[in-house]
Every structure is written in structure tokens, then in C-alpha cells.
Amino acid sequence: MPHVIAELAAERLWPDDPAEARALQDRLAPRVRVEPLDPDGVRLVAGLDVSYTESAVVAAAVVLDARTLEVVETATERAEPAFPYVPGLFAFRELPPLLAALGRLASEPDVYVCDGFGLAHPRRFGLACHLGVLLDRPVLGAAKTAFVGEAAPPAPERGSVTELRADGEVVGRCLRVQDGVKPVYVSVGHRVDLDAACELVLRASPRYRICEPVRRADRLSRDVLGR
DNA sequence: GCGACAG
DNA sequence: ATCTTGTCGC
């Protein structure tokens with residue numbers, strides 16, 4: 001058993017099956033904290049992503065200077081898939097390799113950006129929340145498609161937003177980061193609020209739909225996977 | 001019961 | 001996520 005999973009299991013933070021996984025999410029969800037975070041105080045932003053094959057998974061963490069968006073440091077982890085992909089249980093597939101990669105970073109990012117959701121989740125505990133609670137660090141989620149809830153399309157200008165609502169509550173925002181380009185979905189993971197999360201994603205997306213930290217992590221994980 | 005369903 | 005060619009556009 002991989003070290004990261006053994007450590008989580010020792011803390012009763014690793015499920016044996018989907019039913020246990022859902023129960024664990026319900027147990028950890030109350031630990032999520034939504035709080036203000038000053039975007040101007042963020043110096044280092046880490047982008048996270050994972051690429052797959054049938055038999056291998058590669059996680060990548062890329063730390064960028066939040067102001068210049070230059071790469072400061074990178075780390076990767078190659079592993080065997082430890083959990084199947086089940087919508088809503090995404091974190092159990094990506095968390096182990098991500099935690100291992102993050103453990104190799106020398107720097108301490110001020111905020112982490114996940115390719116997925118935080119509170120915009122059936123049990124309000126997506127990957128960004130899960131990672132945030134385990135690290136007790138600011139984490140936010142930026143996804144390419146919606147998973148739960150509905151959002152009206154934002155105005156065509158960069159910076160426009162609409163609320164992403166599910167079960168009558170605001171669980172995130174649909175954010176247009178480029179003029180006339182399909183929007184992305186931002187949600188809080190931990191120790192950040194929606195305003196800061198959207199501002200950080202906007203600042204980290206000077207050119208493309210996918211913010212630079214995640215784009216870099218996506219490319220790196222793909223390269224290491226070897227294709 | 002049926003369809004939808006982050007990556 | 002991944003499987004996949006050409007093609008339109010800056």
C-alpha cells in the first residue's frame with residue numbers, strides 16, 4: 001500500500017468502498033471553513049492536475065509566482081489508480097497522488113487551485129474541500145463543466161459572473177475569464193471565499209480559458225505520463 | 001425506474 | 001480522463 005494511503009488509513013481517512021467514502025465526506029464536510037482571503041497577499045499559487053492511463057496515474061503540482069505567473073517549482077507523482085472514478089467520489093482517485101506530489105514541494109503555496117469542485121458537490125465536499133481540510137490551507141476549485149446546480153450564462157465580457165445554485169443555495173460561480181469564451185465554474189474549497197476565489201482565477205487566466213497554474217499542471221502530468 | 005454525472 | 005484529423009483563426 002502506498003505511503004500516503006497508509007497514512008490516511010491510519011487516521012481513518014481512507015475508505016474501503018464507495019459507501020464508506022460518502023460517509024467520510026459527510027464526516028469531514030463540517031470542517032470546511034469559508035473565510036476572506038486578500039488576493040493581493042497571495043505570492044505563490046499552486047496548480048494541481050492528474051492525467052491517466054488504464055494502469056497509471058500521474059499527479060502534478062506547479063507553483064507559480066502569483067504576480068508574474070512564472071513557474072517557481074514543480075513536483076510530480078506517478079502511481080497506480082487506487083480508487084475507481086465515481087462521480088462525487090472524485091477526490092479518492094486524485095487525492096493520494098496529489099498529496100504525494102505536494103509533499104515534494106519545497107515552497108509553501110499561499111493558495112492551491114484544483115481542477116474540479118469544492119462546495120459545488122452533492123455533499124458539499126468536492127476535491128478542493130477535501131484537499132483543503134487535509135492540508136488546512138486555502139484551496140479553491142475551478143472546473144470546466146458543472147456537476148451540481150444550475151447557472152445562467154454570464155455576460156460575454158471577461159470578469160462577468162453568475163451564481164451557481166444547487167438546492168436553493170449558492171455553491172459557486174460561473175465565471176467568464178475571456179471575452180466570448182465558454183465560462184468556467186469556480187467554487188470554494190477551504191479558507192477562501194467566493195470573491196477571492198474568482199479574483200484569483202481571473203488573475204491567473206491572462207490568456208486562456210484554463211488558468212495558468214492548472215494548465216501548467218495539466219501539461220506536466222501529461223508529459224510525465226508519456227504521451 | 002430512468003437519466004445525469006467534476007476528471 | 002482518454003480515444004482522434006483536419007481545419008478555421010489570430
Side-chain angles (χ1 to χ4, degrees), chain A residues 18-19 21-22 24-25 28-29 32 46-62 76-102 112-133 139-151 158 163-167 170-175 177-190 194 197-198 201 205-211 213-227:
Chain A
R22 292 184 186 95
L24 181 56
Q25 291 179 325
L28 297 178
V32 170
L48 312 173
D49 198 19
V50 180
S51 291
Y52 306 89
T53 307
E54 280 196 356
S55 57
V57 43
V58 171
V62 178
T76 61
E77 164 76 6
R78 182 177 201 114
E80 304 275 307
F83 208 88
Y85 169 67
V86 180
L89 302 182
F90 186 45
F92 298 97
R93 190 164 171 74
E94 304 219 335
L95 220 37
L98 282 174
L99 288 172
L102 290 174
Y112 299 78
V113 182
C114 288
D115 185 3
F117 285 114
L119 293 174
H121 177 276
R123 284 168 296 283
R124 305 294 179 265
F125 200 69
L127 172 63
C129 294
H130 206 142
L131 186 64
V133 165
V139 181
L140 63 93
K144 299 177 285 297
T145 63
F147 179 33
V148 294
E150 310 79 38
R158 166 181 160 90
E163 293 179 331
L164 174 61
R165 303 181 135 272
D167 309 313
V170 176
V171 296
R173 277 185 202 155
C174 185
L175 169 68
V177 298
Q178 302 301 336
D179 291 350
V181 171
K182 186 176 175 184
V184 297
Y185 298 83
V186 177
S187 59
V188 168
H190 188 57
L194 258 182
C198 289
V201 170
S205 311
R207 168 127 202 230
Y208 304 106
R209 175 173 182 246
I210 306 304
C211 65
V214 172
R215 275 188 85 240
R216 295 281 193 168
D218 177 66
R219 269 208 325 162
L220 178 58
S221 62
R222 231 179 280 235
D223 289 348
V224 172
L225 188 60
R227 12 173 80 196

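As judged by a 4.0 angstrom heavy-atom cut-off over every strand, A:Ala146 is placed among residues touching the sugar-phosphate backbone only. Contact annotation for A:Gly88: base contact, defined as any heavy-atom pair under 4.0 Å involving a base atom. Residue contacts shown for A:Arg222 are limited to sugar-phosphate atoms, with no base heavy atom under 4.0 Å away.
The nucleotide whose nearest atom lies closest to any side-chain atom of A:Phe147 is, among C:dT2, B:dG7, B:dA6, B:dA6. Here the nucleotide nearest the side chain of A:Pro87, chosen from C:dT2, B:dG7, B:dC5, is B:dC5. In the set B:dA6, C:dT2, C:dA1, the nucleotide with an atom closest to the side chain of A:His121 is B:dA6.
Atoms CZ (A:Phe117) and C1' (B:dC5) sit 11 Å apart, rounded to a whole Å. Rounded to whole angstrom, the span from the CD1 atom of A:Ile210 across to the P atom of B:dA6 amounts to 14 Å. For the pair A:Glu54 CD and C:dT2 P, the interatomic distance rounds to 12 Å; values are reported in whole Å. A straight line from CZ of A:Phe90 to P of B:dA4 spans 21 Å, rounded to a whole angstrom. As rounded to whole Å, 9 Å separates atom C1' of B:dA6 from atom CD of A:Glu94. In this entry the distance linking CD of A:Gln25 with C1' of B:dA6 reads 12 Å, nearest Å. Taking atom CG of residue A:Leu89 and atom C1' of nucleotide B:dA4, one finds them 15 Å apart after rounding to whole Å. Summarising the geometry, the separation between CZ on A:Arg123 and P on B:dC5 is reported as 17 Å, rounded to the nearest angstrom.
Ring pair A:Phe90/A:His121: centre-to-centre distance not below 6.0 Å.
Between A:Thr145 and B:dG7 there is a side-chain polar atom (N or O) within less than 4.0 angstrom of OP1 or OP2. Side-chain nitrogen and oxygen atoms of A:Arg93 include none within less than 4.0 Å of the OP1 or OP2 phosphate oxygen of C:dA1. Considering only side-chain N and O atoms, A:Ser51 lies under 4.0 angstrom from the phosphate OP1 or OP2 of C:dT2. The shortest distance between the side-chain N/O atoms of A:Lys144 and the OP1/OP2 oxygens of B:dG7 is below 4.0 Å.
The minimum heavy-atom distance linking A:Leu225 with A:Ser51 is given by the pair CD2-CB, 3.8 Å.
Of the residues A:Val184, A:Leu175, A:Leu140, the one that meets the side-chain contact (heavy atoms from CB on, under 4.5 Å) test with A:Cys198 is A:Leu175.
Stacking of A:Tyr52 onto the six-membered ring of B:dG7 is not present when judged by under 5.5 angstrom between centres and under 30° between planes.
Classification of A:Lys144 and A:Asp115 as a salt-bridged pair holds, one side-chain N sitting under 4.0 Å from a carboxylate O.
Using a distance-only test at 3.5 Å, with no hydrogens or angles considered, a donor-acceptor pair links the side chain of A:Arg158 to the main chain of A:Val177.
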